[in-house]
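Here's the structure, in structure tokens; my notes come after.
The residues of the chain are indexed from 1 along the displayed sequence.
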Amino acid sequence: MELVEGKYLEYKDRPLVREGNTICYGDKTEKCFLLLEIMSTKVDEISGEELPDKILIQIIDSNDPNKIIKQGDKSGLYDAFSLGLVWLERELNTK
């Protein structure tokens, strides 16, 4: 993946970018970053809005984007992002 110049939404001082069903979080100059892929959606019974349901969570090596360090899945974007943040912080804090 190439670095793209510009302004991004940031969360906890790291870029957070969404394109289609892919959400990328993290600084690609660090050793790894978080990638969330929305695999399916569901319609909210109250609002009628379409919401992310099944999310693939991956920690990706910044030097080799084909190398997946850790992978899993969760239902719901909040739970997936929360778990992904924990995985990312743990990986960034290991030597």
Side-chain angles (χ1 to χ4, degrees):
M1 293 189 171
E2 64 184 72
L3 296 176
V4 178
E5 296 297 322
K7 288 193 135 198
Y8 298 102
L9 176 66
E10 287 195 358
Y11 178 73
K12 295 187 177 183
D13 297 324
R14 290 193 178 103
L16 177 64
V17 179
R18 178 177 179 176
E19 184 177 321
N21 288 334
T22 303
I23 300 168
C24 183
Y25 174 73
D27 188 341
K28 293 186 180 173
T29 62
E30 295 180 309
K31 77 177 197 178
C32 59
F33 60 93
L34 171 62
L35 196 66
L36 301 174
E37 186 74 34
I38 301 169
M39 305 304 286
S40 67
T41 59
K42 65 179 179 180
V43 176
D44 182 56
E45 296 173 5
I46 298 169
S47 69
E49 302 242 352
E50 195 170 319
L51 301 173
D53 184 31
K54 188 80 162 182
I55 311 292
L56 176 66
I57 309 162
Q58 295 178 323
I59 302 298
I60 307 290
D61 186 317
S62 292
N63 293 323
D64 180 5
N66 294 317
K67 182 179 177 189
I68 299 169
I69 297 170
K70 189 165 185 127
Q71 178 173 296
D73 61 78
K74 272 288 196 200
S75 291
L77 187 55
Y78 178 83
D79 288 341
F81 190 61
S82 296
L83 180 59
L85 287 176
V86 171
W87 287 358
L88 181 62
E89 288 303 322
R90 283 184 182 165
E91 194 60 39
L92 289 173
N93 291 326
T94 61
K95 296 185 178 182

message: With a 4.5 Å cut-off on side-chain heavy atoms, are Leu77 and Leu36 touching?
response: yes
Spacing of Lys42 atom NZ and Asp53 atom CG [to the nearest 0.5 Å]: 5.0 Å
query: Are the side chain of Tyr25 and the backbone N or O of Gly84 linked by a donor-acceptor pair below 3.5 Å?
result: no
field: Nearest non-hydrogen partners of Leu34 and Leu85, listed with the distance
entry: CD2-N, 4.1 Å
- prompt: Could you state the interatomic distance from CD (Gln71) to CD1 (Ile68), rounded to the nearest 0.5 Å?
  reply: 4.5 Å
- prompt: Heavy atoms, side chains only, cut-off 4.5 Å: are Lys28 and Ile60 in contact?
  reply: no
Ile55 and Ser75: CA distance, side-chain angles, deciding distance, side-chain contact (heavy atoms from CB on, under 4.5 Å) verdict: CA-CA 6 Å; Ile55 311 292; Ser75 291; over 6 Å; no
Gap between atom CD of Glu30 and atom CG of Asn63 - 0.5 Å precision: 12.0 Å
field: Side-chain donor-acceptor pair present, Asp44, Ser47, cut-off under 3.5 Å
entry: yes
query: Can you find a heavy atom in the side chain of Leu51 that is under 4.5 Å from one in the side chain of Thr41?
result: no
query: Does the distance from a Lys or Arg side-chain N to an Asp or Glu carboxylate O, for Lys31 and Asp61, drop under 4.0 Å?
result: no
Distance, nearest 0.5 Å, that separates SG of Cys24 from CZ of Arg18: 13.5 Å
message: How close do Asp73 and Lys54 get, counting heavy atoms only, and between which atoms?
response: OD1-NZ, 3.1 Å
Arg14/Glu89 ion pair, N-O < 4.0 Å: yes
Nearest-0.5 Å distance, OH of residue Tyr11 to CG of residue Leu16: 9.5 Å
query: When rounded to the nearest 0.5 angstrom, what distance separates CD in Glu91 from CD1 in Ile69?
result: 4.5 Å
field: Side chain proximity check, Phe33 to Asp27, heavy atoms < 4.5 angstrom
entry: no
query: Counting distance only, does the side-chain N/O of Ser62 pair as donor-acceptor with the main-chain N or O of Thr29 below 3.5 Å?
result: no
task: Given side-chain contact (heavy atoms from CB on, under 4.5 Å), test Glu49 with Val43 step by step and report yes or no.
output: CA-CA 5 Å; Glu49 302 242 352; Val43 176; over 6 Å; no
query: Are Ile23 and Leu9 in one and the same hydrophobic cluster, where Ile, Leu, Val, Met, Phe, Trp and Tyr link if side-chain heavy atoms are under 4.5 Å apart?
result: yes
